[in-house]
Amino acid sequence: MLEFKRKLEKKIYGELKEKYPLHSSEIEISYTPHQKMGDLALAFPFHLAKKMKRQPRELAQEIIDHLPSLEGVERVEVAGPGFINFFLDRKQFFSRRLHSLGQASLSPEEEKIIIEHTNINPNKAAHIGHLRNACLGDTLGRCLKYKGENVEIQNYIDDTGVQVADVIFGFMELEKKNLSQIKQIEEKFDYYCWDLYAHASSYLESHPEAQKRKSEILKKIEEGIDPENEIAHYISHQIIKAHLKTMGRIGVNYDLLPCESSILHLKFWEKAFSLLKEKKAIFLAGEGVNRGCWVMKPERETEKEKIIVRSDGTVTYVGKDIAYQLWKFGLLEKDFYYKPFIKEDNKTIWISSSTPEGKSPSFGKGSQVYNVIDSRQDYLQKIVVQGLKSLKYLAQAEKSIHFSYEMVALSPKSLKELNLIVSDEDREKDFLEVSGRKGLGVKADDLLDRLEAKALSEVEERNPDLPSERKKEIAHKISNGALRYFMLKFARNSLIVFDFEEALNFEGETGPYLQYTLVRINSIFRKLKEKEGFDEKDLQALLSSGEMAMEKLTESELSDFWNVVFFASQFEEEVLHSIRSLEFSHLAKYSFSLCQKFNSYYHVYSILAEKNKEVKRIRILTIYYIKEVLERALSLMGILQPERM
RNA sequence: GCGCCUGUAGCUCAGCAUGGAUAGAGCGAGGGAUUCCUAAUCCCUAGGUCGUAGGUUCGAAUCCUGCCAGGCGCGCCA
């Protein structure tokens, strides 16, 4: 479709450029609002009419008279106040789409793209907010790979931060546990830490004298002193494993886990610091409130200067982030060591190390970097980019993309359902921010468990005779579809106020609706095979024969056929649009609309029962085409495809 | 105070990049469809001053400005 439009635009421009004052960019083909008006539309007669001081409609007609017959276009007409609308040769169009299935017309534009997402502090279980992050980042990765890009997924691990220290404080001071006692904990470890973290946080808040011990813990893990350090190591690694398992449940994967501890021990910051000083990107404040700090000048006069190194010589969060961002672009002149963290059949997840290890693939050195981080960090991400600019890495600053999105909050109803106690002040609000520190949130695994349980009971009801393993597998796929679609259907700037009833819904605009549509299509092919012996070979024969007797379709069937096929042909444009705008709700809504169109078609036109062979053939090809597009759409969204439901 | 984001149907949200033809879905409400490929479906009905006031334009939900309302950020926390 994309290619078809571009060719047509070029051809039309070529025909008209001599006769009219036109720029090639003005010839832009769009879609008509309604099928009966035609398929493609040109709006340029309006601009041209203005330039030439003429009536748009009359001018449009004149232009049409000048146009030769166009390949693939059956009819051209003036519409409305002066649009030029094209009616395509449906048979030719469909036949070409079928033949070009599988050969993507998209092409990569970057050397290597790095996506950083998930980034959960390794001190507690993952919650719904993290699921949104992971779903967005993972979908971006899948779409970019589909486009042909070389993509590396990184999940940054802040294993030396205060959050981890809080949990260590909880273990050592509140529960008086040593490492071997911690290892004996039988409960789900990330859940155990979830509660302990909340407990330790509130304890530390009400016992300011305990802060001293916490600072000591923090210092010891940064300097690598046991037992605090080995406990930190144990906790973070156990939690990372739990997170990877949770994300594995929804099909989210990573290539590399870069750790804060490695950045620290390999002195990434020191290198970045000398670069920043050398290029005068930061300076030492000699007076004012920030005296003794290294600060970055604001871009605008009205903004405050940003502290990068505190007066005690320690670096701030944003400073470390600048160092990490430099490394991602291969600009730091330093690298991590790497070792495998998890090895599975054909996939290894690597983790950074601060000491030399064996052979590993090459990481980092991206030409473009996406950081998937929620919108509360807009300002800090801006500072990171500003850091690159001050270092005169303008190209890299341009290619540092903050994939910003709104958070997931909790509705008062959800909180009540979880039996979470909230303060009177919080109760007044329409929604509450998820807070790991307060233990306020819906744990990712809990939500997934509930989705699976609900899906299982629905499967039981519909397919009581299936073996229990099959049922479980289907329920898993359904829960996966429900969750992934839910996380994608909202625009990224839309705050999701989480509600169980809405998230657990399997009807209407939901993942299971999409999955169900595909199940129906597959079911038709299964029955075709069972009842008529129509198999893959027959399908291929049908595809290559190119025989389509479109004239056998009634006028209304031709119109319904075209409605769904023409829409399906726009898939690649939707993917590109989603990548460009980082708005995967487009892809989600597009897929949903495609399913709606198919389901309407399905109710009117029977395939198995159709007596007319020629009509039947067209219908088979139609649903085959939709199946191919839909399967691709679902896989880009990370939605699994059950064979039955 | 400054910066960013949001305001569209009873509810939840698309549409805004690149202005275009009659503003769309889902949920909820009411009605209907199953001797026929899975009813997790489909069809019909009701429901809209696109926050508000201006501006630009042949044309504005979409672009610009003001105002109102809400959220987030602006720390020698991470």
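Numbers restart at 1 for each chain; the letters A, B, ... are given by sequence-line order, proteins then strands.
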Tell me whether the side-chain N/O atoms of A:R376 come closer than 4.0 Å to OP1 or OP2 in B:G75.
no
Between the base of B:U22 and the ring of A:H34 - centre-to-centre under 5.5 Å, planes within under 30° - is that a stack?
yes
Does A:K413 make a cation-pi contact with A:F500, if we ask for NZ or CZ under 6.0 Å from the ring centre and within 45° of the axis?
no
Inter-residue atom distance A:S600.OG - A:Y605.OH, 0.5 Å rounding
10.5 Å
No-H, no-angle donor-acceptor pair, A:K36 side chain to B:U22 base, under 3.5 Å
yes
Does A:F506 reach a base, just sugar-phosphate, or nothing at all? Heavy atoms under 4.0 Å.
base
Does a nitrogen or oxygen in the side chain of A:R462 sit under 4.0 Å from OP1 or OP2 of B:A40?
yes
What is the ring orientation for A:H130 with A:H243, classed by angle as parallel under 30°, tilted 30 to 60°, or perpendicular over 60°?
tilted
Pick base, sugar-phosphate or nothing for A:V164, based on heavy-atom distances below 4.0 Å to the nucleic acid.
nothing
A:E574 CD - B:A14 P separation (whole Å)
15 Å
Identify whether any heavy atom of A:S494 sits under 4.0 Å from a base atom; if not, whether one sits that close to sugar-phosphate; answer base, sugar-phosphate or nothing.
sugar-phosphate
What contact category does A:I307 fall into here, base, sugar-phosphate, or nothing, at under 4.0 angstrom with non-hydrogen atoms?
base
Could you work out which one of B:U41, B:U18, B:C76 sits closest to the side chain of A:E28?
B:U18
Watson-Crick and G-U pairing of RNA chain B, under 3.5 Å, as dot-bracket with | and [ ]
(((((((..((((......[...)))).(((((.......))))).....(((((..]....))))))))))))....
Short side-chain donor-acceptor distance under 3.5 Å, A:N371 and A:Q381
yes
Just to be sure I understand the rule, does A:A49 reach a base, reach only the sugar-phosphate, or reach nothing, if contact means heavy atoms closer than 4.0 Å?
nothing
Taking any heavy-atom pair under 4.0 Å as a contact, classify A:R291: base, sugar-phosphate, or nothing.
base
Would you measure the distance from the C1' atom in B:G51 across to the matching atom in B:U6 and give it in whole Å?
11 Å
If the plane angle is over 60° it's perpendicular, under 30° parallel, otherwise tilted; pick one for A:F490 and A:F486.
perpendicular
What distance, rounded to whole Å, do you find between the two C1' atoms, one in B:C4 and one in B:A14?
22 Å
Tell me whether the side-chain N/O atoms of A:K429 come closer than 4.0 Å to OP1 or OP2 in B:G70.
no
Ring centres within less than 5.5 Å and planes less than 30° apart: is that true of A:F83 and B:A21 in this structure?
yes
What does A:H586 touch in the nucleic acid at a heavy-atom separation under 4.0 angstrom: a base, only the sugar-phosphate, or nothing?
sugar-phosphate
Quiz: residues 305-312 of chain A side-chain donor-acceptor pairs under 3.5 angstrom, not counting sequence neighbours:
from, atom 1, to, atom 2, distance (Å)
A:E305, OE2, A:N290, ND2, 3.2
A:R310, NH1, A:T314, OG1, 2.8
A:R310, NH1, A:V315, O, 3.4
A:D312, OD1, A:T314, N, 3.0
A:D312, OD1, A:T314, OG1, 2.6

Specify the separation, in whole Å, of atom NZ of A:K50 and atom P of B:G20.
16 Å
Tell me whether the side-chain N/O atoms of A:S593 come closer than 4.0 Å to OP1 or OP2 in B:A25.
no
Nearest to the side chain of A:Q163, which nucleotide is it out of B:U41, B:G15, B:A78?
B:A78
With respect to the side chain of A:A79, which nucleotide from B:A21, B:C37, B:C42 is positioned closest?
B:A21
Is any N or O donor-acceptor pair between the side chain of A:S311 and the base of B:C76 shorter than 3.5 Å?
yes
For A:Q381 and B:G73, is the shortest distance between a side-chain N/O and OP1 or OP2 below 4.0 Å?
no
cation_pi(A:K529, A:F534) dist<6.0 Å, angle<=45
no
Respond yes when some side-chain nitrogen or oxygen of A:R310 is under 4.0 Å from OP1 or OP2 of B:C77, and no when none is.
yes
A:I478 near the nucleic acid: base, sugar-phosphate alone, or nothing, with a heavy-atom cut-off under 4.0 Å?
base
Applying a 4.0 Å non-hydrogen cut-off, can you work out what A:Y379 is touching in the nucleic acid: base, sugar-phosphate, or nothing?
sugar-phosphate
Would you say the ring centers of A:F506 and A:Y513 fall short of 6.0 Å from each other?
no
Would you classify A:L380 as touching base, sugar-phosphate or nothing, given that sugar-phosphate means primed atoms plus P, OP1 and OP2, and contacts are heavy atoms under 4.0 Å?
base
Inter-nucleotide P distance (B:C63, B:C2), Å rounded:
23 Å
Proximity to the side chain of A:V162 - top-ranked nucleotide from B:A78, B:A14, B:A21:
B:A78
Touch class at under 4.0 angstrom, heavy-atom based, for A:K382 against every strand present
nothing
Looking only at heavy atoms, which two atoms of A:E303 and A:P298 are closest? And how far apart?
O-CG, 3.2 Å
Look at all strands and tell whether A:Y605 reaches a base, only sugar-phosphate, or nothing, counting heavy atoms closer than 4.0 Å.
base
Answer with yes or no whether the side chains of A:N599 and A:T517 bring together a donor and an acceptor at under 3.5 Å.
yes
Base, sugar-phosphate alone, or nothing: which one does A:D158 contact when heavy atoms must sit under 4.0 Å apart?
sugar-phosphate
Position toward the 5' end of RNA chain B (nearest nucleotide), A:F592 or A:H47:
A:H47
Assign A:R526 to base, sugar-phosphate, or nothing according to its heavy-atom contacts below 4.0 angstrom with the strands shown.
nothing
Taking atom C1' in both B:A23 and B:C36, compute the distance separating them and give it to the nearest angstrom.
38 Å
Relative to the 5' end of RNA chain B, which residue comes earlier, A:V604 or A:S375, by the nucleotide with the nearest heavy atom?
A:V604
In whole angstrom, what separates A:E299's CD from B:C2's C1'?
15 Å
